[in-house]
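Please read the structure below before turning to the comments.
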Amino acid sequence: MEMSSLRGRELFSYLPAYYENSWVMQVDMDAKGSEMDLLYQALESAAAQFFVRTATWGLSRWEFELGIPTDLSKPLDQRRAVIESKLRGAGKFSGSLVKNVAEAYHGGKVAVSFQPGEWGFTVKFIDSVGIPPNLEDLKAAIEEIKPAHLAVKFEFNYLLIRDIHEKMTLTQMEQTPLSIFAGGA
């Protein structure tokens, strides 16, 4: 008989050698091992909820603790970004704070520049093309951490004709979402 449980095989290895050919003991250890496999799986899943980057079903608890409305229709990575941004967004307002929060949402490089004469600052997405999918969440987070008298602008990169001329095939262009082209929907 082939045991299907990893921990069942481990349990069986601890038994005396005279049980080696016992079908009853193999079935018994496989059944007990299967239960232990499920227990370890549940423990690992519970432990994963203590960390934002690995949490799944525990994200709603993180959101509750941080006062973030739970939106189950959003993908897990976007919900994690909101939580990480909220955790990172504590402290004195600065360009590095805005950068830290924006990069938590975006997952890429962001540059922050201030325009004191205009009472504002700009968040520029450096290494991505198009508008990030959770921009509204990022805007809300920045509104929460910035002083009320400062205006915020966002700059995005788009594909331009000069960027695709002789660099992309027609098939590649057809597969590229319209939203990352300048003037795209």
Side-chain angles (χ1 to χ4, degrees), residues 45 47-185:
S45 177
Q49 305 317 304
F50 287 97
F51 305 96
V52 176
R53 291 186 180 180
T54 56
T56 52
W57 52 265
L59 286 177
S60 57
R61 185 67 186 168
W62 282 96
E63 291 164 334
F64 174 78
E65 291 292 330
L66 295 169
I68 300 168
T70 299
D71 184 356
L72 298 176
S73 66
K74 286 186 179 177
L76 292 177
D77 60 332
Q78 286 184 14
R79 291 176 62 201
R80 286 185 185 117
V82 172
I83 294 166
E84 280 190 356
S85 174
K86 186 83 167 191
L87 291 170
R88 291 181 185 187
K92 182 181 168 202
F93 180 78
S94 66
S96 61
L97 177 65
V98 173
K99 182 178 182 347
N100 205 2
V101 168
E103 286 179 350
Y105 275 90
H106 174 57
K109 292 196 184 284
V110 171
V112 178
S113 59
F114 285 87
Q115 297 81 39
E118 298 172 24
W119 294 94
F121 62 97
T122 303
V123 176
K124 181 174 178 152
F125 297 90
I126 297 172
D127 61 353
S128 64
V129 179
I131 298 173
N134 56 345
L135 181 64
E136 292 307 313
D137 292 331
L138 173 58
K139 285 180 179 179
I142 289 178
E143 282 298 321
E144 192 172 309
I145 63 170
K146 77 174 185 64
H149 69 282
L150 291 180
V152 61
K153 291 188 266 179
F154 295 92
E155 286 185 10
F156 311 101
N157 294 316
Y158 293 101
L159 285 178
L160 303 173
I161 300 273
R162 68 174 177 253
D163 298 328
I164 60 172
H165 181 67
E166 296 182 8
K167 293 181 185 175
M168 293 177 80
T169 66
L170 186 57
T171 304
Q172 289 171 324
M173 283 192 282
E174 287 173 344
Q175 294 172 351
T176 304
L178 190 58
S179 62
I180 68 170
F181 286 98

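Since this is a predicted model, take the numbers as computed values, not measurements.
Test Lys86, Arg80, Arg79, Lys74 against Glu63 for salt bridge (charged side-chain N to carboxylate O under 4.0 Å, His left out) and you get one pass: Arg79.
Panel note: side chain Glu84, backbone Ala104; no donor-acceptor pair is recorded below 3.5 Å. Trp62 contributes a side-chain N or O that, together with a main-chain N or O of Gln49, makes up a donor-acceptor pair within less than 3.5 Å. Between the Asn157 side chain and the Phe125 main chain, a donor and an acceptor come within less than 3.5 Å of each other.
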Exercise for the section: Take Lys124 and Val110, measure what side-chain contact (heavy atoms from CB on, under 4.5 Å) needs, and give me the verdict at the end. Expected result: CA-CA 6 Å; Lys124 181 174 178 152; Val110 171; over 6 Å; no
Problem - Test log, rule ring pair (Phe, Tyr, Trp, His ring centres under 6.0 Å), inputs Phe121 and Phe93 - result: CA-CA 12 Å; Phe121 62 97; Phe93 180 78; 5.6 Å; yes
Exercise for the section: Evaluate the criterion side-chain contact (heavy atoms from CB on, under 4.5 Å) for residue pair Lys139 and Val152; output intermediate values, then yes/no. Expected result: CA-CA 9 Å; Lys139 285 180 179 179; Val152 61; over 6 Å; no
Handout entry: Verdict with supporting geometry, Thr122 and Phe154, side-chain contact (heavy atoms from CB on, under 4.5 Å)
Key = CA-CA 6 Å; Thr122 303; Phe154 295 92; over 6 Å; no
Handout entry: Candidate pair Leu76 and Trp57, rule side-chain contact (heavy atoms from CB on, under 4.5 Å), full reasoning
Key = CA-CA 9 Å; Leu76 292 177; Trp57 52 265; over 6 Å; no
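Looking at heavy atoms from C-beta onward, Phe64 lies out of side-chain contact with Thr70 at the 4.5 angstrom threshold. Val129 has its side chain out of reach of Phe156: every pair of non-hydrogen atoms, C-beta onward, lies at least 4.5 Å apart.
Atoms CD1 and CD, on Ile83 and Glu65 in that order, are 11.0 Å from each other to the nearest 0.5 Å. For the atom pair Ser85 OG and Ile145 CD1, the distance stands at 6.5 Å (nearest 0.5 Å). Here CG of Asp71 is found 8.0 Å from CG of Asp137. Values are rounded to the nearest 0.5 Å.
With respect to the salt-bridge test (charged N to carboxylate O, under 4.0 angstrom), the residues Glu103 and Lys109 do not qualify.
Residue Leu150 comes nearest to Gly120 through the heavy atom pair CD2-N, 3.9 Å, listed as atom of the first residue, atom of the second, then distance. Shortest non-hydrogen contact noted between Ala141 and Val101 is CB-CG1, 4.1 Å. Across all non-hydrogen atoms, the minimal contact from Ala81 to Asn134 is CB-ND2, 3.9 Å. Nearest heavy-atom pair, Val52 versus Leu59, reported as atom, atom and distance to 0.1 Å: O-CD2, 4.2 Å.
Crowding of Phe114 atom CZ: a count of heavy atoms from other residues, nucleotides or ligands under 6.0 Å exceeding 12.
When the ring-ring contact (aromatic ring centres under 6.0 Å, His included) test is applied to Trp119, the partners found at least two apart in sequence or on another chain are His149.
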